[in-house]
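The figures that follow rest on heavy atoms only: side chains count, while hydrogens, waters and symmetry mates do not. Both counts, for ligands and for their atoms, begin at 1 and track the order of listing.
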Amino acid sequence: MAPTDRLQQVREHLVGGAPSNKDPTRVDGHVILITGGAQGIGKAAADLLARQGAKIAINDVDAAKAKAAADELQAAGCDAFFLAGDLLDEAFPERLVNAVVARFGRINCLINNAGFCVDSAVHKMTDAKFDIIMKIHNYTPFRMIRALSSHWMDPANLDMPKSIINISSTSGLHGAMGQINYSTAKAGIIGMTKTIAAEWGRYNVRCNAVAYGWIDTRITRPPDGSETVALAGQEIVTGIPLSAKKWRDVSDIPLQRPGTTSDAAGVLLFLASPLASYVTGTCVECTGGRYL
Ligand SMILES: NC(=O)c1ccc[n+]([C@@H]2O[C@H](COP(=O)([O-])OP(=O)(O)OC[C@H]3O[C@@H](n4cnc5c(N)ncnc54)[C@H](O)[C@@H]3O)[C@@H](O)[C@H]2O)c1
């Protein structure tokens with residue numbers, strides 16, 4: 001196909017041909033799979049994308065919260081599905097992708113969002129703590145993406161909108177005290193993002209990352225021991241202690257506040273929607289301006 005024909009085809013697909021009266025912030029009918037979508041940033045994204053017309057598939061290791069999130073979406077009129085399960089189980093990403101394709105017939109967007117931190121100073125960081133963070137923030141997104149290969153490389157799906165959004169962090173861009181494992185993994189996911197964008201552009205797949213700064217969720221609130229991620233027989237306590245005073249000081253954040261989950265979700269809508277139809281291989285920072 002000549003590049004100009006392709007351009008016209010894409011244009012018609014995105015805006016419905018000229019004159020355009022389609023709202024490019026809408027993702028009507030797009031099937032969007034969000035890992036870790038039961039709470040925090042993932043849930044806010046599910047809610048916003050559903051309001052913009054998407055069909056939502058949620059995965060989370062917390063089965064009760066995943067069901068509640070999917071039920072809430074259904075009650076609001078969204079076609080929603082959930083599959084609870086632990087993404088650290090090597091076989092699970094492929095099972096998840098297959099289940100969503102079986103339920104909806106396709107996947108248009110994957111948001112690799114599930115995650116947590118297990119912090120430690122460099123000299124106290126164990127291999128086990130390093131390993132689990134590489135697994136959730138690098139191996140899991142890689143396995144999710146690989147599981148999409150045959151579906152997305154199928155020539156019959158060439159013109160279907162397809163995109164991936166990987167969740168990175170300012171820890172990956174700038175490093176972070178106590179996060180040798182997390183900062184390494186969150187830097188790695190940016191390399192993965194660029195590689196997928198380069199390899200899969202020819203299949204009409206966009207792939208971008210978002211590096212969040214301080215977003216107010218349970219992983220950044222002070223740990224009180226009540227919020228845990230139950231994984232493979234261990235309870236991982238989430239939260240950043242109050243003693244991290246420098247990190248909690250907003251005076252170096254130009255917008256002078258932490259971000260909300262709605263702030264975080266807005267970037268995901270932009271990247272998932274036709275507004276970002278020519279944006280790929282990039283990492284958007286959502287930080288309130290921190291680290292300028
Ligand atoms: N909150 C922030 O300030 C911040 C900053 C930078 C990056 N991030 C990243 O954003 C993403 C979302 O984090 P959040 O702040 O919304 O935290 P959160 O704890 O509110 O949500 C994360 C979700 O992931 C799920 N999850 C964790 N491990 C899982 C597994 N093995 N299988 C399936 N589900 C699993 C959790 O159950 C939880 O529902 C993470 O990748 C995190 O690293 C967050």
- Can you establish whether the number of heavy atoms outside D127 located under 6.0 Å from its atom CG is more than 12?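 Atom CG in D127 is not crowded, with 12 or fewer foreign heavy atoms closer than 6.0 Å.
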- Query: Considering residues, nucleotides and ligands other than K129, do more than 12 of their heavy atoms fall under 6.0 Å from its NZ?
  - Reply: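 Buried by this count: over 12 neighbours within 6.0 Å.
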Per-residue contact class, [X] against ligand 1 - non-hydrogen pairs under 4.0 Å:
X    : value
I136 : side chain
I167 : side chain
F116 : side chain
D60  : both
Y182 : side chain
A211 : neither
T140 : neither
T217 : side chain

- Should M144 and Y139 be regarded as members of a common hydrophobic cluster, given that ILVMFWY residues are connected when their side-chain heavy atoms come within less than 4.5 Å of each other, either directly or indirectly?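 No; tracing contacts between hydrophobic side chains, which count when under 4.5 Å, never links both residues.
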- Item | Nearest heavy-atom neighbours spanning A69 and G37 |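 It is CB-O, 4.2 Å.
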- Once the angle between the rings of F116 and H137 is folded into 0 to 90°, is it parallel (under 30°), tilted (30 to 60°) or perpendicular (over 60°)?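 F116 vs H137 ring planes: tilted.
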Is there side-chain contact between [X] and [Y], with at least one heavy-atom pair below 4.5 Å?
X    : Y    : value
H30  : P161 : yes
I132 : N181 : no
M125 : I133 : no

For ligand 1, is there an N or O atom under 3.5 Å from any N or O atom of [X]?
X    : result
K186 : yes
G42  : no
T220 : no

Output the list of atoms in ligand 1 that are nearer than 4.0 Å to some heavy atom of [X], sorted by atom number.
X    : answer
W214 : 3 (O)
S168 : 6 (C), 7 (C)
D86  : 30 (C), 31 (N), 32 (N)
L88  : 31 (N)
I215 : 1 (N), 2 (C), 3 (O)
G85  : 32 (N), 33 (C)
G40  : 16 (O), 20 (O)

Got the closest protein heavy atom to [atom], with its distance?
atom                    : value
atom 22 (C) of ligand 1 : G115 O, 3.7 Å
atom 5 (C) of ligand 1  : G213 O, 3.1 Å
atom 26 (N) of ligand 1 : A114 CB, 3.9 Å
atom 18 (P) of ligand 1 : R218 NE, 3.9 Å
atom 16 (O) of ligand 1 : I41 N, 2.8 Å
atom 12 (C) of ligand 1 : N113 OD1, 3.1 Å
atom 32 (N) of ligand 1 : L87 N, 3.0 Å
atom 13 (O) of ligand 1 : I219 CD1, 3.9 Å

- What distance separates L110 CG from I34 CD1, expressed to the nearest 0.5 Å?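 L110 atom CG to I34 atom CD1 measures 9.5 Å (nearest 0.5 Å).
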- Task: Run through I41, I189, I111 and flag the one making a side chain to side chain contact (heavy atoms under 4.5 Å, CB included) with I167.
- Result: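 By the side chain to side chain contact (heavy atoms under 4.5 Å, CB included) criterion, I167 pairs with just one of I41, I189, I111: I111.
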Please check if the side chain of [X] supplies one atom and the backbone of [Y] the other of a donor-acceptor pair under 3.5 Å.
X    : Y    : value
N204 : L158 : yes
Y182 : S171 : no
H151 : I107 : yes
D119 : Q179 : no

- Can K43 and D47 be counted as an ion pair, charged N to O under 4.0 angstrom?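 Here K43 pairs with D47 in a salt bridge, since their nearest N and O are under 4.0 Å apart.
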- State whether D79 and R103 are salt-bridged, where the test is any N-O pair (Lys NZ or Arg NE/NH1/NH2 against Asp/Glu carboxylate O) under 4.0 Å.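 So D79 pairs with R103 through a salt bridge.
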- Item | Nearest candidate to atom 33 (C) of ligand 1, where distance is taken over non-hydrogen atoms, out of V61, I34, I132 |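 Result: the heavy atom closest to atom 33 (C) of ligand 1 is in V61.
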